[in-house]
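Everything below concerns the one structure shown next.
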Protein chains: 2
Amino acid sequence: MKGRPIVFKNEEMVLKAQELFWEKGYTATSLSELSAATGAGAGSLYNTFKGGKKELFKKSLYQRKEDLEDFKTVLEKSDNPIELIKAFFLSVATESKKSHFKGCIVANTIVEMTFINEELGNDAIDILKETEKLYTRTILSEQKRGNIKSKIPAPVLARHLITLWCGINTLRRVYPDKEILRQQIELQLQIIK
Amino acid sequence: MKGRPIVFKNEEMVLKAQELFWEKGYTATSLSELSAATGAGAGSLYNTFKGGKKELFKKSLYQRKEDLEDFKTVLEKSDNPIELIKAFFLSVATESKKSHFKGCIVANTIVEMTFINEELGNDAIDILKETEKLYTRTILSEQKRGNIKSKIPAPVLARHLITLWCGINTLRRVYPDKEILRQQIELQLQIIK
DNA sequence: TTAATTTTGTATCAATCATTACAAAAAAGA
DNA sequence: TCTTTTTTGTAATGATTGATACAAAATTAA
């Protein structure tokens, strides 16, 4: 292929940008910060991401959808997916302080974007709904297998996990404390039994 | 008192500003929008709120602390405060669609401010912790009276309500639906029994 | 009436915002 | 080697940001 060789790889830039967007949100993250973090100047940024800041954010958000796909694969291979989901929620408690303060970029975006940019807000909502679907399928299947005795409808239990996720991702900023978080997550996971 | 009479009352300006901050957050709300919403020009805005945008936001946030004080008074007068708290949570489900999209300005601020402005973030965290204290006191007292049989420590149950609050205030943007919200809130309130 | 005081409205400020323009750099293909 | 193509770095762009300067307006006190 002709042309000057690429030095700033698309994927690496997205990951650097994601970190910034995750911490500061869309509005408060400036192009100059993105430029400094990625190392790429405005020229490279706009050449790589023709849609500018918005496209870069979309890619950063979409990266989490791919992470979800990875988790889906792991769940499908497991013969006790419910325990895996519970372990995932509990693992949040032991993450770093910085992770606590960052929360979840998907949940953060839903909160930030509702009255700012409906398109980006809906992109985030879609990811959360996709996650919910995965939970619903898993719970329903495990109910049929008898691994979950609860008669509460699978969609309600799945939405409970989503609500817990959103709740914990705010609580962990108020209490970035392993023990407190573990206690609260355990309490709410008891509903899935 | 000497001087040209005030036409823009402090309280009214705070309420107008609060509405904007609640919807769009701190960063995305501009002074020109605040000026348009309150009707006051830059002159009046900066004369009334010497600290500018930041002070106006602080006042908007602090308004919710006063609302909390009102709720505290109602709870103290009640002989079944737990039912009042549960009714309050359930009442969220039937609010307007716009209210669903707005969520909670305190929770919103915690999410937005962590990496932007620690001071404003901590102001919001303080309000949430104050709310938690109110819940803890109420639950502990009702446990002693035998109105709550659960042996789960009052602080854990109180933090459960805070987590539920944060969770629901994101979920209601994903599902601004009366029935879904009622279902999820009811499920989680069963823990307080 | 006049002076003192405060609020209001408007013009303006420097700084920063996201984005674009464009030439130099660096490669491949002819 | 020369042309073509693409990326990169830098210098602009106009718009908007939060905040300030300041005179006119509107009141009270002297």
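Note that these values count all heavy atoms, side chains included, but never hydrogens, waters or copies made by symmetry. Quick note on labels: first sequence line is chain A, next is B, and so on, each numbered from 1.
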> Starting at CG of A/N47 and ending at P of D/dT8, how long is that distance when rounded to a whole Å?
Replying inline: 7 Å

>> Clusters formed by hydrophobic residues whose side-chain heavy atoms approach within less than 4.5 Å: which one holds B/F101, and what are its other members?
In response: A/F115

Within the sub-3.5 Å range, which N or O atoms of nucleotides 15-19 of chain D have a protein N or O partner, and how far apart are they?
residue: D/dG18; atom: OP1; partner: B/T29; partner atom: O; Å: 3.2
residue: D/dG18; atom: OP1; partner: B/K53; partner atom: NZ; Å: 2.7
residue: D/dG18; atom: OP2; partner: B/L31; partner atom: N; Å: 2.6
residue: D/dA19; atom: OP2; partner: B/Y46; partner atom: OH; Å: 2.5
residue: D/dA19; atom: OP2; partner: B/K53; partner atom: N; Å: 3.2
residue: D/dA19; atom: O5'; partner: B/Y46; partner atom: OH; Å: 3.2

> Hey, is A/D126 close enough to A/K129 for a salt bridge, meaning N to O under 4.0 Å?
Replying inline: no

> How would you list, by chain and number, every residue that makes a side chain to side chain donor-acceptor pair (under 3.5 Å) with B/K98, sequence neighbours excluded?
Replying inline: B/E23

>> Output the rounded distance in Å from CD1 (A/I6) to P (D/dT5).
In response: 17 Å

>> Protein within reach of the bases, or only the backbone? For nucleotides 24-30 of chain C, mark each nucleotide 5' to 3' as B, S or -, using heavy atoms under 4.0 Å.
In response: BBBBBS-

>> Restricting to side chain to side chain donor-acceptor pair (under 3.5 Å), what partner residues turn up for A/T48, sequence neighbours left out?
In response: none

> Taking only residues two or more places apart in sequence, or in another chain, which ones meet B/E132 in a side chain to side chain donor-acceptor pair (under 3.5 Å)?
Replying inline: A/Y175

> How long is the line joining CG of B/L45 and C1' of C/dT10, in whole Å?
Replying inline: 14 Å

Check: residues 184-193 of chain B side-chain donor-acceptor pairs under 3.5 Å, at least two apart:
residue: B/Q184; atom: OE1; partner: A/R159; partner atom: NE; Å: 3.2
residue: B/Q184; atom: NE2; partner: A/V156; partner atom: O; Å: 3.2
residue: B/E186; atom: OE1; partner: B/R182; partner atom: NH1; Å: 2.7
residue: B/E186; atom: OE2; partner: B/R182; partner atom: NH1; Å: 3.2

> A/F49 CZ to C/dT19 C1': how many Å, rounded?
Replying inline: 16 Å

>> Without decimals, in angstroms, what is the distance between B/L34 CG and C/dG9 C1'?
In response: 17 Å

> Partners of A/Q18 by side chain to side chain donor-acceptor pair (under 3.5 Å), sequence neighbours excluded?
Replying inline: none

> Going by the ring-ring contact (aromatic ring centres under 6.0 Å, His included) test, which pairs reach into residues 70-93 of chain B, not counting sequence neighbours?
Replying inline: B/F71-B/F88, B/F88-B/W165, B/F89-B/W165

> Looking at DNA chain C, which of residues 113-123 of chain B put a heavy atom within less than 4.0 Å of it?
Replying inline: none

> Among all residues two or more places apart in sequence or in another chain, which pass the ring-ring contact (aromatic ring centres under 6.0 Å, His included) test with A/F8?
Replying inline: none

Validation: residues 52-59 of chain B side-chain donor-acceptor distances under 3.5 Å, sequence neighbours left out:
residue: B/K53; atom: NZ; partner: B/Y26; partner atom: O; Å: 3.0
residue: B/K53; atom: NZ; partner: B/T29; partner atom: O; Å: 2.9
residue: B/K54; atom: NZ; partner: B/E119; partner atom: OE1; Å: 2.8
residue: B/E55; atom: OE1; partner: B/K50; partner atom: N; Å: 3.1
residue: B/E55; atom: OE1; partner: B/G51; partner atom: N; Å: 2.6
residue: B/E55; atom: OE2; partner: B/K59; partner atom: NZ; Å: 2.7
residue: B/K58; atom: NZ; partner: B/E119; partner atom: OE2; Å: 3.0
residue: B/K58; atom: NZ; partner: B/D123; partner atom: OD2; Å: 2.6

>> Using the side chain to side chain donor-acceptor pair (under 3.5 Å) definition, which of the options A/H100, A/R172, A/K178 pairs with A/E95?
In response: A/R172

